[in-house]
Number of protein chains: 2
Amino acid sequence: MVMGRPRSFCTDKALDEAMEVFWRHGYDGATLAMLTKAMGIKPPSLYAAFGSKEGLLKAALDRYAERRAEHMRYVLAGATARDVAERFLSSIAESHTDPANPPGCLLVQGGLACGAGSENIPFELASRRAQTETELRERFVRAKRDGDLAEDGDPAALARFLSTVASGMGVLASSGADREALREVARVSLGAFPPSHGVADEPG
Amino acid sequence: MVMGRPRSFCTDKALDEAMEVFWRHGYDGATLAMLTKAMGIKPPSLYAAFGSKEGLLKAALDRYAERRAEHMRYVLAGATARDVAERFLSSIAESHTDPANPPGCLLVQGGLACGAGSENIPFELASRRAQTETELRERFVRAKRDGDLAEDGDPAALARFLSTVASGMGVLASSGADREALREVARVSLGAFPPSHGVADEPG
DNA sequence: CAGCTTTTGTATCGAGTGGTAGATAAGTCA
DNA sequence: TGACTTATCTACCACTCGATACAAAAGCTG
């Protein structure tokens, strides 16, 4: 089997650069010129590798999801429901103000509203945001079964609340709020969380 | 003084239509073709009246602010800090899912990230969002002075928390969440609010 | 080497972008 | 009525958009 000319750029590195452009300018605001310049490649190479601008975004979102996966593993490993909430919010305060990335969250910055021809982009981003909420909800369902979430705690409502606060923190960060401001929001938000009790909180 | 040919369209009606387009598609996603079609006028009329696309957005934002002003008057008229928070969140759950408007909040949907040439749009929107937070903060400062906010309640932190939740609810609504979902988020969020005490809560 | 496959760069496509020039229409005032 | 002012319409500007045709280049196989 003949191999053909080998690719001259690293797909993952190129995706990291594309991710940053989408993150900073949104899907509609990110032009092919910006993307190809940041990725260090020409349009035909981009289209050969990713198919289309939308295909490139999805590949970048997949890579973003990989990064967040280990993140969420740490969050979900919290001992109690409240501990999970605390890990979730405080780690978001850090990541959304990480100077290594554009401020905020790619899944929010990417585009809540798009122009004609890219109406499905907001849906794509929303479905990826929803996944985090689902992970939290399932964790809280388990927490309730295990007794480390209060009896009157609603797993679905709490997961949606945390996910909503996370989105709001993304908006806040994108307006230039500093890390301390986000930490404060996280701290206040935790006040809405029912205190854990049961096995995980019992002394000894 | 000579008057000249009178304007053939109603500025406010045209702004309402433009507002809806910006709301649904964002600043970058809203094209002149969409805007002029919705407003029922031709480009030269638009430019004569509003100067530029950005000028049109600012005029639409001013109109949006007028609408919200009476809204906020009701919110800030709450008897206690907690009552203000409750009014704020529940009215947002309603307004962000009002079928008469696109879902979410114009100040969020309008554009968190924009393309080259409209980098100042996100700042413009952020500064308008910040105004709501300021109004809440000032109300809570007064509440603390009047004794209807707990001693350990931080007016700035609480205002920022509410503003953040409101932005998050905007994101949630724009992903298609229904009114009941937003009401639930509002209900959970209120749990983060310190219970009011003092004169306003005293019996009698 | 020749032959094949795939990638790369140049140069460009048609469509759509925000914005405008210039003529015409519709009013008011003398 | 006719001069004056302003708004509106048609047509179009230069430019950028996402995407691609085509040929040269770079690798492997025989």
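Proteins get letters first, then strands, A, B, ... in listed order; numbering begins at 1 in each.
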TODO: In whole angstrom, give the distance that lies between atom OH of Tyr27(A) and atom C1' of dC17(D).
DONE: 12 Å
Open item on the list: Using the rule side chain to side chain donor-acceptor pair (under 3.5 Å), only one of Arg24(B), His96(B), Gln109(B) pairs with Ser174(B); which is it?
Closed with: Gln109(B)
Task: Below 4.0 Å: OP1/OP2 of dG18(C) and any side-chain N or O of Lys53(B) - done: yes
Open item on the list: OP1 or OP2 of dT8(C) versus the side-chain N and O atoms of Ser45(A): is any pair under 4.0 Å?
Closed with: yes
Task: Distance test, side-chain N/O of Ser8(A) to OP1/OP2 of dT8(C), below 4.0 Å - done: yes
TODO: Look at all strands and tell whether Ala116(B) reaches a base, only sugar-phosphate, or nothing, counting heavy atoms closer than 4.0 Å.
DONE: nothing
Task: Spacing between Phe9(B) atom CZ and dA26(C) atom C1', to the nearest angstrom - done: 15 Å
- [ ] May I have the distance from Ile41(A) (atom CD1) to dA19(D) (atom P), rounded to whole angstrom?
- [x] 13 Å
- [ ] Please state how far atom CG in Leu32(B) lies from atom C1' in dT20(C), giving the value in whole angstrom units.
- [x] 11 Å
Open item on the list: Closest-nucleotide mapping onto DNA chain C: is Pro44(B) or Arg5(B) further toward the 5' terminus? I mean the 5' end.
Closed with: Pro44(B)
TODO: Could you state the atom-to-atom distance from CG of Leu46(A) to P of dT6(C) in whole Å?
DONE: 19 Å
- [ ] Remember a base hit wins even if backbone is also touched, and classify Pro6(A) as base, sugar-phosphate or nothing at under 4.0 Å, heavy atoms.
- [x] sugar-phosphate
Task: Of Lys42(B) and Met34(A), the one whose closest DNA chain D nucleotide lies more 5' - done: Lys42(B)
TODO: Tell me which of Arg7(B) and Pro43(B) sits closer to the 5' end of DNA chain D, going by the nucleotide each one is nearest to.
DONE: Arg7(B)
TODO: For Tyr27(A), enumerate each residue passing the ring-ring contact (aromatic ring centres under 6.0 Å, His included) test, keeping only those at least two apart in sequence or located in another chain.
DONE: Phe22(A)
Open item on the list: Looking at dG19(C), I'd like to know if its phosphate oxygens (OP1 or OP2) sit under 4.0 Å from a side-chain N or O belonging to Tyr47(B).
Closed with: yes
Open item on the list: Between Lys58(B) and Glu54(B) (salt bridge meaning N to carboxylate O under 4.0 Å), is one present in this structure?
Closed with: yes
Task: Polar side chain donor-acceptor pair, Ser95(A) to His71(A), under 3.5 angstrom - done: no
Task: Polar contact flag, side-chain donor to acceptor under 3.5 angstrom, Ser175(A)-Arg129(B) - done: yes
TODO: Figure out the CZ/C1' separation between Phe50(A) and dG18(D), and round it to whole Å.
DONE: 16 Å
- [ ] Among dG18(D), dC28(D), dT28(C), find the nucleotide with the atom closest to the side chain of Met3(A).
- [x] dC28(D)
Task: Given DNA chain C, 5'-ward residue of the pair Ala30(B) and Gly40(A), judged by closest heavy atom - done: Gly40(A)
Open item on the list: Rounded to whole Å, please give me the gap between CD in Glu54(B) and P in dG19(C).
Closed with: 9 Å
